[in-house]
Amino acid sequence: MASIKTPQAIRGTQDIFGAEAEAFAFVVETFERVRKLYRFRRIEMPVFEKTEVFSRSLGETTDVVSKEMYSFEDRGGESLTLRPEFTAGIARAYLTSGWQQYAPLKVATHGPLFRYERPQKGRYRQFHQLDAEIIGAAEPQADVELLAMADQLLKELGIAEGVTLNLNTLGDAPSRESWRMALIEHFREARDALSEDSRERLEKNPLRILDSKDPRDQALVHTAPRIDDFLSGEAERYFLAVCDGLDAAGVAWHRNATLVRGLDYYRHTAFEFVTDRLGAQGTVLGGGRYDGLIETLGGPHTPAVGWAAGVERLAMLVEGVSADDFIAVVPDQPEQECDAGRIVQLLRTAGLTAILAFRGNAKKRVDAARREGATAVLIVRSDGHSLGRLHMSHYASGRSNREQDDLDSKVLSALDGEFGSKFSSSGWNRPS
RNA sequence: GCGAUUGUAGCUCAGUUGGUUAGAGCGCCGGUUUGUGGUACCGGAGGUCGCGGGUUCAAACCCCGUCAAUCGCCCCA
């Protein structure tokens, strides 16, 4: 008999369960809560777009476009691509869905993205991002607001301690271009001292040499021309306004003059929240201003700024999302199954998390409930049983008698007298 | 695309210089005890040793290939 081979999961995809899934959900829920505080409007976006949406906006020579896109032809012969990022699709929607009328538009979304890369720690082929954008705002306050929201998000996730905001400006288009020329000249003179990778970058993307990890490049980076010397007066004023705004908002930041961003569309403000706790993937949230992007999609000149954050990376920093308390209801004998079912439903209706332990005898059910981490087990006995009809056993460690009493009275009020006006209760912290 | 490490039960892992029938814990299934306090007891099922080839009297172990995972390079969130 030929055995059936179980298909494997696609490389770089994840099946998330348990504590990791809880951390993942905690990140997303916290983001949803925080973005509402800033009144970013929720949007839902397609997971795929015409390929040109990404190829035109990100830059043909970027790695994302040249080798990381999941592209395919549909039945009509059109080239489509699973989104490798959010921004390009949102910019397209801004133009094709009439969202220009809402400018300045503050939007937020989250969901899966796809890049054909070699998976490693904090990097997957299907990964997930939080995303926030302000479209149609040229004011530095937009940058500040976005960063303030990012900062609050990290604080509310409880991970702000190990994460720092690196901030830089890439200047406006003329500033960036003259800086770029100066960098090429600087590195070309010392070409032989550069690492192999950086010699490659010199042709393709000279700005990237600045954040090379190769020690051979470090010395040259140190003496490289700085963007500050090429900033136009306007670009400089803009950056100062962002810095002042951050200080006023109480957002801590570090100037990092060698911070650049990978995608072509960035101008002015560029930023990354980085940590050293995630191995090679230190960037947990990154973004910047992309005033030129919407024009590359055929729209009017539209200033915009945004960021994206890796949900998996944030979730890895979040530790010990405490599981919610729950009560397991266990019938003593099969005859109490219906009573137990009634009780568990009453508890849920009253807003208490409760499960009905339904496999094995009472002993096995109690054991199973405790293994699952039940806060307490409510045993249901027959009416008139010598040990009483209901018994609460508290199993959560480190709870005070007061907390246990509170839970007992919540349960009693949820049952509303149906199973008697009181029950016995025992617990580790209770002298009994 | 490149490099390093690792693939043994559902999970976490042992497995000697190559040598009978590949083990443990947890989980799972069955039962006993217990009317409740953090690991009670007894029994059971479950493994093409990632896959393919080679060396050998003999391979989980050595060699080659391949696939996958992990970490790193590149790049990015």
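Predicted model only: the values in this text are computed from it and were never measured. Below, read A as the first sequence line, B as the second, and so on, with proteins coming before strands; counting in each chain starts at 1.
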Does the structure show a Watson-Crick or G-U wobble partner for [N], both distances under 3.5 Å? Name it, or say none.
{"N": "B:U17", "answer": "none"}
{"N": "B:C61", "answer": "none"}
{"N": "B:U33", "answer": "none"}
{"N": "B:G27", "answer": "none"}
{"N": "B:U39", "answer": "none"}
{"N": "B:G7", "answer": "B:C67"}
{"N": "B:G47", "answer": "none"}
{"N": "B:G72", "answer": "B:C2"}

Rounded to the nearest Å, what distance is computed from the [atom1] atom of residue [X] to the [atom2] atom of nucleotide [N]?
{"X": "A:Phe54", "N": "B:C76", "atom1": "CZ", "atom2": "C1'", "result": "16 Å"}
{"X": "A:Glu117", "N": "B:C73", "atom1": "CD", "atom2": "C1'", "result": "12 Å"}
{"X": "A:Lys121", "N": "B:U70", "atom1": "NZ", "atom2": "P", "result": "11 Å"}
{"X": "A:Gln281", "N": "B:G72", "atom1": "CD", "atom2": "C1'", "result": "9 Å"}
{"X": "A:Phe114", "N": "B:C75", "atom1": "CZ", "atom2": "C1'", "result": "19 Å"}
{"X": "A:Arg125", "N": "B:C74", "atom1": "CZ", "atom2": "C1'", "result": "14 Å"}
{"X": "A:Arg115", "N": "B:C74", "atom1": "CZ", "atom2": "P", "result": "16 Å"}
{"X": "A:Glu272", "N": "B:A77", "atom1": "CD", "atom2": "C1'", "result": "9 Å"}

Provide the distance between the two [atom1] atoms, one in [N] and one in [M], to the nearest whole Å.
{"N": "B:C49", "M": "B:U8", "atom1": "P", "value": "11 Å"}
{"N": "B:U5", "M": "B:G47", "atom1": "C1'", "value": "25 Å"}
{"N": "B:A60", "M": "B:G15", "atom1": "P", "value": "16 Å"}
{"N": "B:G52", "M": "B:C67", "atom1": "C1'", "value": "10 Å"}
{"N": "B:G46", "M": "B:A22", "atom1": "C1'", "value": "14 Å"}
{"N": "B:C57", "M": "B:G27", "atom1": "C1'", "value": "41 Å"}
{"N": "B:A59", "M": "B:U12", "atom1": "C1'", "value": "25 Å"}
{"N": "B:U34", "M": "B:U16", "atom1": "C1'", "value": "44 Å"}

query = Quick one: does A:Arg313 reach the base of B:C76 with a side-chain donor-acceptor pair under 3.5 Å?
reply = yes

Donor/acceptor link under 3.5 angstrom from A:Arg123 side chain onto base of B:C75 = yes

Can you identify which nucleotide, out of [options], has its nearest atom closest to the [X] side chain?
{"X": "A:Lys67", "options": "B:C74, B:G72, B:U36", "answer": "B:C74"}
{"X": "A:Arg118", "options": "B:C73, B:U36, B:C2", "answer": "B:C2"}
{"X": "A:Arg261", "options": "B:C73, B:A77, B:U70", "answer": "B:A77"}
{"X": "A:Asp197", "options": "B:C74, B:A77, B:G3", "answer": "B:C74"}

ask   = Taking the six-membered ring of A:Tyr266, is the NZ or CZ of A:Arg289 close enough (under 6.0 Å from the centre) and on axis enough (within 45°)?
value = no

note = The single option from A:Phe26, A:Phe24, A:Phe31 that satisfies side-chain contact (heavy atoms from CB on, under 4.5 Å) with A:Val28 is A:Phe24

Using a 4.0 Å heavy-atom cut-off across all strands, classify [X] as base, sugar-phosphate, or nothing.
{"X": "A:Arg201", "value": "sugar-phosphate"}
{"X": "A:Ile379", "value": "base"}
{"X": "A:Glu196", "value": "nothing"}

task = Considering only NZ, NE, NH1 and NH2 on the basic side and carboxylate oxygens on the acidic side, decide whether A:Arg39 and A:Glu145 come within less than 4.0 Å.
result = no

query = Is any NZ, NE, NH1 or NH2 atom of the basic residue among A:Asp172 and A:Arg176 found under 4.0 Å from an Asp or Glu carboxylate oxygen of the other?
reply = no

ask   = If each of A:Glu85 and A:Pro119 is mapped to the nucleotide of RNA chain B with the nearest heavy atom, which maps nearer the 5' terminus, i.e. the 5' end?
value = A:Pro119

ask   = Does A:Gly122 or A:Gly12 map to a spot on RNA chain B nearer the 5' end, using the closest nucleotide for each?
value = A:Gly12

A:Gln120 side-chain N/O to B:C71 phosphate OP1/OP2 under 4.0 Å = no

query = Using a cut-off of less than 4.0 Å, is there contact between a side-chain N or O of A:Lys213 and OP1 or OP2 of B:C74?
reply = yes

ask   = Roughly how far apart are A:Asp143 CG and A:Thr269 OG1, rounded to 0.5 Å?
value = 3.5 Å

query = What distance do A:Arg208 atom CZ and A:Leu183 atom CG have between them, rounded to the nearest 0.5 Å?
reply = 13.0 Å

message = Please find the pair of heavy atoms, one from A:Leu170 and one from A:Leu259, that lie closest to each other, and give the distance.
response = CD2-O, 3.9 Å

key: Heavy-atom closest contact (A:Phe40 atom, A:Ala108 atom, distance)   = CB-CB, 3.9 Å

